[in-house]
> 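Okay, handing you the structure first.
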Amino acid sequence: AKRAAFDLLVIGGGSGGLACARKAASLGAKAALVECNRLGGTCVNLGRIPKKIMYYAAKHAECVEDQGGYGFSCSDVKFDLVTLKNSRDAYIRKLNDIYLRNLEKDGVELIEGHATFTGPHKVHVNDKHVTAEHIVIATGASPIVPNLPGAKYGITSDGFFALEHLPKKVAIVGGGYIAVELAGILNALGSDVSLVVRHTLMKPFDEMLSKSLAEEMTHAGIKIHTSCQVKEVNKNEGVLSLHVQRGGCPDDVMEGMDVLLWAVGRRANTGDIGLDKTGVKVDGHGFIKVDEYDNTEVHNVYALGDVTGRKLLTPVAIAAGRKLATRVFGNQPSAKLDYSNIPTVVFSHPPIGTVGMTQGVPVCDISSCLLT
């Protein structure tokens, strides 16, 4: 088997991993990056970028709806999802190529394949054994499909971007960013959307924001079912039925769904990379435990981005990657990302945003911040 040694090895070619590897190389490190899929990670391929394209398509649909009052006549407007999908996918491929060229330009070696740890600083990729003084785990996260009867009949946000036909009737299960954003997109494009929420919509947000958003979404035609849990999914001749429980009431059935979309959270991509050979610790959802400097419990092994479960946002992963590379290779031992007061935006219809503490933060947390 071939052997290679580097100053830095980054496992995962998403936003955080790419930023870290490129920054390290610019500081003189011999850097390599391992990726088994398309470059860009979730954000570029199955997240923010394709989502924003769909969001803009939905905004166009809303403009068409309103055009009459502005003097325009567009009586025979048609929407073709296949045309949009093909254009969107072509744009994503262009971005993949740009990321590849940037790695080449910055002198980062790309190793294509699946990385598996064979020791704390040893990784096996295809037929190659790779060692590095510093290793960054940036493998991201994937959507969760719940463990309940018939859950396999649903899709996740990944499957949403594979749709070639606009569903007539869709149920989206979840009340967070992804559920709210995809519900708004599908509703604007013409689907009959039901949103099934276990508790309340956008629970971490201030009640003023979440309540106002729920009112606007309801006004737009989205059916929001709060305090509602899916217990079972049945499929008959391609049509889905959801057995749900609302609060303490008897079970109910939501029928006639063409598509069921799960948006109930994400799980870290750590199950098949050999972490048991490293000593790196994870929590109950597989997210890697790190300190404020993105250090794991293993010397010179780090983790950043979605795989840590902290602030699953693209700009956060990019900033964390650059800070880490600067600390390790740029002679700035105190460099780290401040994870407090990070602004966040939900591309709902209408969009909402927030920054800082919310009203739901316990008083004791606020007091401790005021005293420091």
Side-chain angles (χ1 to χ4, degrees), residues 14-15 40-59 81 85 88 92 140-146 148 151 153-163 166-167 170-189 191 193-205 209-210 213-214 216-217 220 222-226 228-230 233 242 257 259-269 285-287 305-317 342-354:
S15 300
T42 296
C43 172
V44 170
N45 298 295
L46 295 165
R48 184 172 66 95
I49 300 299
K51 185 264 314 270
K52 283 295 292 293
I53 293 173
M54 299 301 290
Y55 176 81
Y56 288 135
K59 296 300 288 185
L81 182 56
K85 181 181 183 300
R88 185 194 70 213
I92 299 304
S142 300
I144 294 172
V145 174
L148 55 85
Y153 298 129
I155 63 173
T156 64
S157 55
D158 292 359
F160 169 80
F161 294 112
L163 290 175
L166 188 68
V170 55
I172 300 177
V173 182
Y177 287 75
I178 295 171
V180 164
E181 291 177 341
L182 300 190
I185 289 169
L186 288 167
N187 179 69
L189 293 177
S191 295
V193 179
S194 294
L195 195 57
V196 182
V197 186
R198 184 173 182 177
H199 298 295
T200 57
L201 205 65
M202 299 305 299
K203 190 178 179 182
F205 279 55
L209 280 175
S210 58
L213 177 61
E216 291 293 333
M217 293 177 70
I222 297 172
K223 304 174 187 68
I224 303 176
H225 306 270
T226 56
C228 188
Q229 283 185 268
V230 178
V233 182
L242 280 62
M257 302 296 172
V259 168
L260 163 63
L261 194 152
W262 300 111
V264 292
R266 299 177 70 80
R267 181 179 288 112
N269 295 330
H285 296 285
F287 292 110
D306 291 3
V307 77
T308 67
R310 299 182 302 172
K311 301 290 185 181
L312 278 62
L313 300 168
T314 297
V316 172
I342 293 176
T344 181
V345 173
V346 184
F347 289 97
S348 48
H349 294 252
I352 59 174
T354 188

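Everything numeric here is computed off the predicted structure, so don't read it as measured data.
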> So, for G174 and V197, which heavy atoms are closest and what is the spacing to 0.1 Å?
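That would be O-CG2, 3.7 Å.
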> Starting at OG1 of T156, measure out to CG of L260 and round the result to the nearest 0.5 Å.
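Rounded to the nearest 0.5 Å, the OG1-CG separation comes out at 10.5 Å.
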> Looking at R88 and F161, would you say the former's side chain and the latter's main chain have a donor-acceptor pair under 3.5 Å?
yes
> Give the minimum heavy-atom separation between A183 and L195, together with the two atoms involved.
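Scanning both residues completely, I find the closest heavy atoms to be CB-CD1, 4.2 Å.
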> Kindly compute the distance separating NZ (K51) from CD1 (I178), expressed to the nearest 0.5 Å.
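Rounded to the nearest 0.5 Å, the NZ-CD1 separation comes to 8.0 Å.
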> Once side chain to side chain donor-acceptor pair (under 3.5 Å) is applied, what residue pairs with a partner in residues 305-316 remain, sequence neighbours excluded?
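Side chain to side chain donor-acceptor pair (under 3.5 Å) check on residues 305-316 returns D294-R310, R310-Y339.
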> Between I222 and H349, is there a side-chain heavy-atom distance shorter than 4.5 Å?
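A side-chain contact under 4.5 Å is absent here.
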> State, yes or no, whether a side-chain contact exists between V180 and M202 at a heavy-atom distance under 4.5 Å.
yes
> If you measure from CG on L261 to CG on L163, what distance do you get to the nearest 0.5 Å?
8.0 Å
> Roughly how far, to the nearest 0.5 Å, is NE2 of H285 from CZ of R267?
8.0 Å
> Rounded to the nearest 0.5 Å, what separates atom CG in N187 from atom OG in S194?
10.0 Å
> Tell me, do V233 and L148 make a side-chain contact under 4.5 Å, heavy atoms counted?
yes
> Can you see which heavy atom on A317 is nearest to which on G305, and at what distance?
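So the minimum-distance heavy-atom pair works out to CB-CA, 3.9 Å.
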> Can you tell me if W262 uses its side chain to pair, donor with acceptor, with the backbone of P146 under 3.5 Å?
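It does not hold such a pair.
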> Measure across L242 and A171 and return the closest heavy-atom pair with its distance rounded to 0.1 Å.
CD2-CB, 3.9 Å
> For T226 and T200, indicate whether the former's side chain and the latter's backbone hold a donor-acceptor pair under 3.5 Å.
no
> How close do E216 and P350 get, heavy atom to heavy atom, and via which atoms?
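What the structure gives for the nearest pair is CB-CD, 3.5 Å.
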> Can you find a pair of side-chain heavy atoms, one from L312 and one from Y177, that are under 4.5 Å apart?
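Sidechains of Y177 and L312: no contact.
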> Hey, what do you get for CE (M54) to NZ (K59), rounding to the nearest 0.5 Å?
15.0 Å
> Is the shortest heavy-atom distance from the side chain of L201 to the side chain of M217 under 4.5 Å?
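When only atoms from C-beta onward are counted, M217 and L201 do touch, with a gap below 4.5 Å.
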> Minimum heavy-atom separation for R266 to A141, with atom names?
NH2-O, 2.7 Å
> Judged by atom type as modelled, is there a donor-acceptor pair below 3.5 Å linking the side chain of S191 to the main-chain atoms of V193?
no
> If the condition is salt bridge (charged side-chain N to carboxylate O under 4.0 Å, His left out), which residues does K203 pass it with, not counting sequence neighbours?
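For K203 there are no salt bridge (charged side-chain N to carboxylate O under 4.0 Å, His left out) partners, ignoring immediate neighbours.
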> Angle between ring planes, Y55 versus F347, binned at 30° and 60°: parallel, tilted or perpendicular?
perpendicular
> Using salt bridge (charged side-chain N to carboxylate O under 4.0 Å, His left out) as the criterion, list what pairs up with K52, not counting sequence neighbours.
none
> Report yes if the side chains of L186 and L166 come closer than 4.5 Å at any heavy-atom pair, otherwise no.
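A side-chain contact under 4.5 Å exists here.
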> Any heavy-atom pair between the side chains of V346 and F205 that's under 4.5 Å?
yes
> Are any of the side-chain heavy atoms of V170 and I172 separated by less than 4.5 Å?
yes
